[in-house]
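Heads up: the structure comes next, in structure tokens.
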Amino acid sequence: MRYLSTRGGEPASAAEAIVRGISPSGGLYVPESYPTIDWNNDVRGGYLATAHRVMQAYLPQTDSTELMNMISAAYKSFDHADVTPLVKLREGEHVLELWHGPTMAFKDVALQMLPHLMRSSLRQTGETKQVYILVATSGDTGKAALEGFRDVEGTRVLVFYPYGGVSEAQRLQMVTQEGNNVDVCAVHGNFDDAQTGVKQIFASRAIASELKEKGWRLSSANSINFGRLLPQIVYYFTSYQSLIASGEIKPGEKVNFCVPTGNFGDILAGEYARRMGLPVNKLICASNRNNVLTDFFESGVYDDNRPFYQSMSCSIDILISSNLERLLFELANRDDSLVREWMQGLKEKGMYALPQSALDELKQTFSAGWCTEEDTLETIKHIFDETGYLMDPHTAVAQCVYERYVKKTGDRTQTILLSTANPYKFASDVLGAFETADKDDFANADRLKAITGAPIPKGMSELLGKPERHLDVCDLADMPKRVLAPILGSNK
Ligand SMILES: *Cc1c(COP(=O)(O)O)cnc(C)c1O
């Protein structure tokens, strides 16, 4: 299995794709074909066995036993035996809880696995340099990457997050991070600015050669890395299998997935599962006020010339959705010159438009919607009142969009809602659905527990009292300097 770049250039092996993160042409790596999997027979035997079946199909060069060992090690840190349990919410609606990992958000599913994939890939490619992983985060990727790569030999991690643009729990999780190879810096700008800054650093020959001289190469733990996408395909299969096992669907029956979407990695994994043969009816893309994707799925025009809003579902406050490029590559029938043209349009004018035929194809699988902050709070409240289930703001965005989808279409297909964070990660905002919140996040968490009875996760209470170790802030223009400083300074 080889990997093609969405913007053309030489194909790469899986290991090369994972080590590089992004292709030399600036494109994203996609598999040259989608392996098919028998969703009924191949994926029995629980999460780990399914993960092995799915990932091995994309990593044929990785030794089977080694892969199983990596998977077992990665998901050991999850606090639920099913890894990503499926909970029935109401008739026809099921919540897939993706946040049972160490940082309480769905990024752990991929970022507990990526360091193992990275190490194995480094070995396979014979890479001798150390790997410097740069991350731009809207809140959750940063902590998950720090935790995943902490003290992993031969690696170093630097996370940039938008100053003032993440929740207090998210900030604390990052600035209190322990480990000898980890580094965190806030930037004056929003997530898109930080992500663009990181992409520019990747594209800089000067930075690459300075690092190379010191024995380092850059790589990415952002969801543009194929090694991030791959572990996420797994839970689409396990949740489907779980609906069969509980008798909610007949084998082969199609289901919907509704996904709170930012950088388009999570929902794209669903599209990959569909291409691998999973019976999917609709993938529903849910956004907050930053509704660039809703407009795109309706009109075929991607236009990021619009205000950026900070919201309580801050991990999906994104206007440039990087992983969409992988879907565009398919819509272009894998014509990389067309993808280059659209991406050029995005860079120069902040927009591009699909031809009608591509839009029609898109609409066969995807549906999209968005909701406001008030809608989000109202959804948290009415779902709790009706079912006793407490949702975080991201999950609530998906729930609200799903309810409107049902009203509009009458589609009663069994639906799996992807729940991407534990509600306590956003305790103050979630409490706001019930009463006026205090300033203190931890007091709010206690209040939320008193009202709802939902247990406070251990990781949350442990944050209190940990020393804040990483309090650096820099301007966007200084990001390259900040990347080089520890390497040039340490003279290693
Ligand atoms: C990252 C994140 C998302 C969005 O996932 P994408 O793969 O970027 O679309 C949604 N919810 C939470 C809580 C997240 O951390």
Side-chain angles (χ1 to χ4, degrees), residues 99 103-105 137-144 146 159-178 184-191 193-194 260 262 288-290 307-318 371-385 390-397 400 419-474:
W99 39 260
T103 78
M104 299 177 279
T137 185
S138 56
D140 291 322
T141 297
K143 174 61 182 181
L146 293 164
V159 171
F160 291 107
Y161 71 91
Y163 185 73
V166 300
S167 85
E168 178 59 6
Q170 287 176 321
R171 188 190 73 83
L172 277 174
Q173 279 190 328
M174 290 189 277
V175 302
T176 60
Q177 177 69 43
E178 291 161 9
V184 179
C185 183
V187 290
H188 292 293
N190 62 36
F191 169 71
D193 298 328
N288 60 29
R289 264 178 103 192
N290 296 294
F308 177 93
Y309 299 111
Q310 273 192 5
S311 80
M312 62 183 101
S313 46
C314 56
S315 300
I316 57 173
D317 286 345
I318 290 176
C371 73
T372 64
E373 297 288 271
E374 296 75 38
D375 295 334
T376 308
L377 289 177
E378 199 280 319
T379 302
I380 292 173
K381 179 79 165 64
H382 87 243
I383 288 295
F384 181 78
D385 289 347
L390 187 63
M391 289 180 167
D392 94 288
H394 303 80
T395 310
V397 165
C400 180
S419 173
T420 50
N422 183 296
Y424 283 102
K425 212 164 175 183
F426 305 92
S428 299
D429 290 320
V430 174
L431 181 62
F434 299 91
E435 63 180 33
T436 307
D438 190 78
K439 271 212 159 44
D440 177 353
D441 253 31
F442 291 89
N444 290 338
D446 288 337
R447 215 23 228 148
L448 193 57
K449 176 159 189 284
I451 294 173
T452 66
I456 301 182
K458 205 165 105 252
M460 176 80 187
S461 29
E462 279 172 357
L463 277 179
L464 260 186
K466 278 196 183 177
E468 300 192 11
R469 304 153 51 103
H470 306 280
L471 294 173
D472 235 11
V473 188
C474 79

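It should be emphasised that the depicted structure is a prediction, and the values quoted were computed from it without experimental measurement. The basis for the numbers below is simple: all heavy atoms, side chains too, and nothing from hydrogens, waters or symmetry mates.
- Between the Thr376 side chain and the Thr372 main chain, a donor and an acceptor come within less than 3.5 Å of each other.
- Look at Glu168 and Arg171 and you find a salt bridge, because one of the NZ, NE, NH1 or NH2 atoms lies within 4.0 Å of a carboxylate O, short of that distance.
- When only modelled atom types and interatomic distance are considered, Asn288 and Glu373 share no side-chain donor-acceptor pair under 3.5 Å.
- For Lys425 (side chain) and Thr103 (main-chain N/O), a donor-acceptor pair under 3.5 Å exists by modelled atom type.
- For Thr176 (side chain) and Leu172 (main-chain N/O), a donor-acceptor pair under 3.5 Å exists by modelled atom type.
- For Asn422 (side chain) and Met104 (main-chain N/O), no donor-acceptor pair under 3.5 Å exists by modelled atom type.
- Between the side chain of Asp429 and the backbone N or O of Phe426, no donor-acceptor pair lies under 3.5 Å.
- Closest non-hydrogen pair, Thr379 versus Ala396, comes out as CG2-O, 3.6 Å.
- The CG atom of Leu431 sits 9.0 Å away from atom OG1 of Thr452, with the distance rounded to the nearest 0.5 Å.
- A donor-acceptor pair under 3.5 Å links the side-chain atoms of Asn444 to the main chain of Asp438, judged by distance alone.
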(message) The test is side-chain contact (heavy atoms from CB on, under 4.5 Å); show your working for Ile318 and Asn290 and say whether it passes.
(response) CA-CA 7 Å; Ile318 290 176; Asn290 296 294; over 6 Å; no

(request) Start with the C-alpha distance between Val159 and Thr141, add both sets of side-chain angles, then the distance that settles side-chain contact (heavy atoms from CB on, under 4.5 Å), and finish with yes or no. (result) CA-CA 9 Å; Val159 171; Thr141 297; over 6 Å; no

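- How far CG of Asp440 is from CG of Asp446: 8.5 Å, rounded to the nearest 0.5 Å.
- Listed here is the closest heavy atom pair of Thr395 and Ser419: OG1-OG, 3.0 Å.
- Considering CZ of Phe160 and SG of Cys474, their distance stands at 5.5 Å, rounded to 0.5 Å.
- Interatomic distance, Lys381 NZ to Met391 CE, rounded to the nearest 0.5 Å: 14.5 Å.
- Aromatic pair Phe434/Phe384: centroids less than 6.0 angstrom apart.
- With Lys449 contributing its side chain and Ala454 its backbone, the two residues share no donor-acceptor pair below 3.5 Å.
- In this structure, Ser138 and Ser315 approach most closely via the heavy-atom pair OG-O, 3.3 Å.
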(request) Would you please test Leu146 and Val184 for side-chain contact (heavy atoms from CB on, under 4.5 Å) and show each step? (result) CA-CA 9 Å; Leu146 293 164; Val184 179; 3.6 Å; yes

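- Remark: the backbone N or O of Asp375 is not paired with any side-chain donor or acceptor of Glu378 at under 3.5 angstrom.
- A 4.5 Å side-chain heavy-atom check between Ile316 and Val397 finds at least one atom pair inside the cut-off.
- Under a 3.5 Å cut-off, the side chain of His470 and the backbone N or O of Gln177 do form a donor-acceptor pair.
- Put simply, OG on Ser461 and OH on Tyr424 are 10.5 Å apart, with the number rounded to the nearest 0.5 Å.
- Across all non-hydrogen atoms, the minimal contact from Ala437 to Ser428 is CB-O, 3.6 Å.
- By the salt bridge (charged side-chain N to carboxylate O under 4.0 Å, His left out) test, Arg447 is found to be paired with Glu435, residues two or more places apart in sequence or in another chain being considered.
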(request) Applying side-chain contact (heavy atoms from CB on, under 4.5 Å), run through Ser167 and Met312 and close with a yes or a no. (result) CA-CA 8 Å; Ser167 85; Met312 62 183 101; over 6 Å; no

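- To the nearest 0.5 Å, the span separating CG on Leu463 from CD on Glu468 amounts to 10.0 Å.
- Using a 4.0 Å cut-off between charged side-chain N and carboxylate O, Arg289 and Asp317 make no salt bridge.
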(request) Dump the intermediate steps for side chain to side chain donor-acceptor pair (under 3.5 Å) on Trp99 and Thr420, then the final yes or no. (result) CA-CA 6 Å; Trp99 39 260; Thr420 50; over 6 Å; no

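- The two atoms that bring Thr137 and Met174 nearest to each other are CG2-SD, 3.9 Å, heavy atoms only.
- The main-chain N or O of His394 is never found under 3.5 Å from a side-chain atom of Ser313 such that the two would form a donor-acceptor pair.
- With contacts defined as side-chain heavy-atom distances shorter than 4.5 Å, the pair Phe442/Met460 qualifies.
- When all heavy atoms of Leu390 and Pro423 are compared, the pair lying nearest together is O-CG, 3.7 Å.
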